[in-house]
Trainee: 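Handing you this structure, nothing more for now.
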Amino acid sequence: MKQQISVLMDGELFEDEAASLFDHIKRSSDVHMDWEVYHLIGDVLRQPEHIHRGLSAKVRERMQDEPTVLAPRGRAVKQRIRTFALSAAASLSAVGVVAWMSLQISPEVAPKMAMQQSAIRPVSMQIQNESNDYLMAHQEFSPSTYMNGSASYIRTVSYSRDEAPVKNSPDEK
Amino acid sequence: MTDREVDQQLVERVQRGDKHAFDLLVSKYQRKLGRLISRFVRDSAEAEDVTQDAFIKAYRALPGFRGESAFYTWLYRIGINTAKNHLLANKRRAPTSTPFDAEESESFEEASLLREVNTPENELMSKQVVDVVQASLQQLPEDLRSALTLREIEGLSYEEIASVMNCPIGTVRSRIFRAREAVAENLRPLLETSKGTRW
């Protein structure tokens, strides 16, 4: 216990240990006396020419007439609430901005993508027309055929009103 | 936790209604604050009263202390204001004509200003306390004396002392404690004989 006081005085004790030590000092006058004597030794070593009678007993007497002071706990609680509220507001506003941006972007991008797809389609159909037989012949080498063992049976079919139906498989002849 | 954090923990205890925690702060700072106030108030009896007043004012003001500065800086500022108000009330001027910074008060030394007028009894007691501490220190083994001196006078941390003394931090902790306790053992009989006088 005395060693803990010594370490506490030097600012080398952990916070939780200090808290329990303060409780112990409060309960024991002997331990309190150790606290006083160790501080006196430090003061004597630092300022031997200016050591005078201690005042703690007199201050203690006067303190008995003093009402117990209590810091307004609301201040600390308000501070914590304010910190939490600010961080929550920042998070919500960040989510709001992201949502707003996605809403702003989607209507513009979607038609563009649709237009691009429709523009590409005739080209792909041309490619299909020219290479359909080749692709079908080598279908078994396609990586997609390993999907669940059933992909080889999938046939892609497309339809366009502007053009005649396209035959995608020799089976459709 | 650092020394400032120790003070802050004590302050928070006081702010939660623990008067005893303030008692520990008084024990810790009574001589430092008294020494500071004696630079303004030359008469030792008056200086003692002013120091007590300063502590009481600090206690009353503690609910408003938010820890933005170190507790001792805040306390010293209260001490200086209390001393100046005391002099003003008695139509006297503070001995310093330049602004006095509480931050510098620890290092401020000017022998001509430090004229403590103790009673003969107190002076004798003070001398005995100093003699016992210094004699006890000289009797300590070299490693204990060095550890305590490096800590109390040079203000080194345990880590720094361990580096200087080339030993583990645990050894430093033990040496400082053993040194303090050895000095305290010689000091306690003297303090117990001075009934009604706390040091």
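If you're wondering where the values come from, they're calculated on a predicted model, not measured in any experiment. Order of the sequence lines sets the chain letters (A, B, ...), proteins ahead of strands, with each chain counted from 1.
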Trainee: Just verifying a value: how many Å separate Glu15(A) CD and Glu5(B) CD, rounded to the nearest 0.5 Å?
Mentor: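 Spacing of CD (Glu15(A)) from CD (Glu5(B)) equals 7.0 Å.
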Trainee: Side chain from CB out, backbone as N, CA, C, O: work out which of these in Glu17(A) comes under 4.5 Å of a heavy atom of chain B, or both, or neither.
Mentor: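 The answer is neither part of Glu17(A).
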Trainee: So which part of Leu13(A) gets closer than 4.5 Å to some heavy atom of chain B, the side chain, the backbone, both or neither?
Mentor: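 It is the backbone, since no side chain atom gets that close.
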Trainee: Sort Ser136(B) into side chain, backbone, both or neither according to what part of it lies under 4.5 angstrom from a heavy atom of chain A.
Mentor: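 Neither part.
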Trainee: Short question: side chain of Lys19(B), backbone of Met63(A) - any donor-acceptor pair under 3.5 Å?
Mentor: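 Yes, Lys19(B) side chain to Met63(A) backbone: donor-acceptor pair under 3.5 Å.
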Trainee: Evaluate the side-chain proximity of His20(B) to His32(A): yes if any heavy-atom separation is below 4.5 Å, no if none is.
Mentor: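 When only atoms from C-beta onward are counted, His20(B) and His32(A) do touch, with a gap below 4.5 Å.
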Trainee: Does the side chain of Gln47(A) reach to within under 4.5 Å of the side chain of Arg31(B), using non-hydrogen atoms?
Mentor: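 When only atoms from C-beta onward are counted, Arg31(B) and Gln47(A) do not touch, as no gap falls below 4.5 Å.
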Trainee: With a 4.5 angstrom heavy-atom cut-off, which part of Asn186(B) approaches chain A: side chain, backbone, both or neither?
Mentor: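 The answer is neither part of Asn186(B).
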Trainee: Closest heavy-atom contact between Ala184(B) and Val37(A)?
Mentor: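 Distance-wise, the nearest heavy atoms are CB-CG1, 3.6 Å.
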Trainee: Using a strict threshold of under 4.0 Å (side-chain N to carboxylate O), is an ion pair present between Asp53(B) and Arg62(A)?
Mentor: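 Salt bridge present between Arg62(A) and Asp53(B).
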Trainee: Please round to the nearest 0.5 Å and tell me the distance separating atom CD of Gln134(B) and atom CD1 of Ile41(A).
Mentor: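 Separation between the atoms: 12.5 Å.
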Trainee: In terms of heavy-atom pairs under 4.5 Å, which option from Val6(B), Asp23(B), Asp7(B), Thr2(B) contacts chain A the most?
Mentor: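 With the most close heavy-atom pairs to chain A, the winner is Asp23(B).
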Trainee: Give a yes or no on whether Asp16(A) atom CG has more than 12 heavy-atom contacts from other residues, nucleotides or ligands under 6.0 Å away.
Mentor: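 Enclosed: over 12 neighbouring heavy atoms sit under 6.0 Å from CG of Asp16(A).
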Trainee: Relative to chain B, which segment of Ile5(A) carries a heavy atom at a distance below 4.5 Å: side chain, backbone, both, or neither?
Mentor: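 For Ile5(A), there is no contact with chain B at all, as no heavy atom is under 4.5 Å.
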Trainee: Counting heavy-atom pairs under 4.5 Å to chain A, which of Ile153(B), Leu10(B), Val183(B) comes out on top?
Mentor: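 When all of Ile153(B), Leu10(B), Val183(B) are compared, Leu10(B) has the most.
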Trainee: Look at Glu159(B), Met1(B), Arg178(B) and state which one has the largest set of heavy-atom pairs under 4.5 Å with chain A.
Mentor: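 With the most close heavy-atom pairs to chain A, the winner is Met1(B).
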Trainee: Taking Glu66(A) for its side chain and Tyr59(B) for its backbone only, find out whether a donor-acceptor pair lies under 3.5 Å.
Mentor: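 No, the answer is negative, given that no donor and acceptor are paired below the 3.5 Å cut-off.
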Trainee: Is the side chain of Arg180(B) donor-acceptor paired with the backbone N or O of Ser6(A) at a distance under 3.5 Å, no angle test?
Mentor: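 Yes, because the side chain of Arg180(B) sits within donor-acceptor range (under 3.5 Å) of the backbone of Ser6(A).
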Trainee: With a 4.5 Å heavy-atom cut-off, do Leu40(A) and Leu191(B) have their side chains touching?
Mentor: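 Result yes, sub-4.5 Å side-chain heavy-atom pair found.
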Trainee: Please check this pair: side chain of Gln30(B) against backbone of Ser56(A), looking for a donor-acceptor N/O pair closer than 3.5 Å.
Mentor: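 The answer is yes, because a donor-acceptor pair under 3.5 Å joins these two groups.
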Trainee: For Arg188(B), is it the side chain, the backbone, both, or neither that has a heavy atom closer than 4.5 Å to a heavy atom of chain A?
Mentor: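 Interface part for Arg188(B): side chain.
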Trainee: Out of curiosity, Lys58(A) NZ to Thr51(B) OG1, how far, rounded to the nearest 0.5 Å?
Mentor: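 Here the interatomic distance stands at 11.0 Å.
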Trainee: With a 4.5 Å limit on heavy-atom distance, are the side chains of Val172(B) and Glu12(A) in contact?
Mentor: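 No; the side chains remain at least 4.5 Å from each other.
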Trainee: Which answer fits Phe22(A), side chain, backbone, both or neither, if we ask what part of it has an atom under 4.5 Å from a heavy atom of chain B?
Mentor: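 Both backbone and side chain.
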Trainee: Looking at chain A, which one of Ile169(B), Leu33(B), Asp18(B), Val132(B) has the largest number of heavy-atom pairs inside 4.5 Å, strictly under?
Mentor: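 The answer is Asp18(B).
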Trainee: Would you compute the distance between atom CE of Met33(A) and atom OG of Ser27(B) and round it to the nearest 0.5 angstrom?
Mentor: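 If we round to the nearest 0.5 Å, Met33(A):CE and Ser27(B):OG are 9.5 Å apart.
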Trainee: Taking Asp23(A) first and then Arg13(B), would you say they form a salt bridge - that is, a charged N and a carboxylate O separated by under 4.0 Å?
Mentor: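 Result for this pair is yes, salt bridge flagged.
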Trainee: Under 4.5 Å, heavy atom to heavy atom: which of residues 143-150 of chain B reach chain A? Give them by number, or say none.
Mentor: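 The residues closer than 4.5 Å to chain A, in numerical order, are Leu148(B).
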Trainee: If the test is side-chain contact (heavy atoms from CB on, under 4.5 Å), which one of Glu152(B), Lys28(B), Lys32(B) qualifies with Asp43(A)?
Mentor: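 Checked Glu152(B), Lys28(B), Lys32(B) against Asp43(A); only one passes side-chain contact (heavy atoms from CB on, under 4.5 Å): Lys32(B).
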Trainee: Find the distance between CG (Asp10(A)) and CD1 (Ile161(B)) and round it off to the nearest 0.5 Å.
Mentor: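 Result: 7.5 Å between the selected atoms.
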Trainee: For chain A, find which of Val14(B), Leu62(B), Leu24(B) contributes the most heavy-atom pairs closer than 4.5 angstrom.
Mentor: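 Among Val14(B), Leu62(B), Leu24(B), the one with the most close pairs to chain A is Leu24(B).
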Trainee: With a 4.5 Å heavy-atom cut-off, do Tyr158(B) and Val7(A) have their side chains touching?
Mentor: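 Sidechains of Val7(A) and Tyr158(B): in contact.
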Trainee: So Ile176(B) and Tyr38(A), do their side chains get closer than 4.5 Å, heavy atoms only?
Mentor: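 The answer is no, as the side chains (C-beta and beyond) never meet within the 4.5 Å cut-off.
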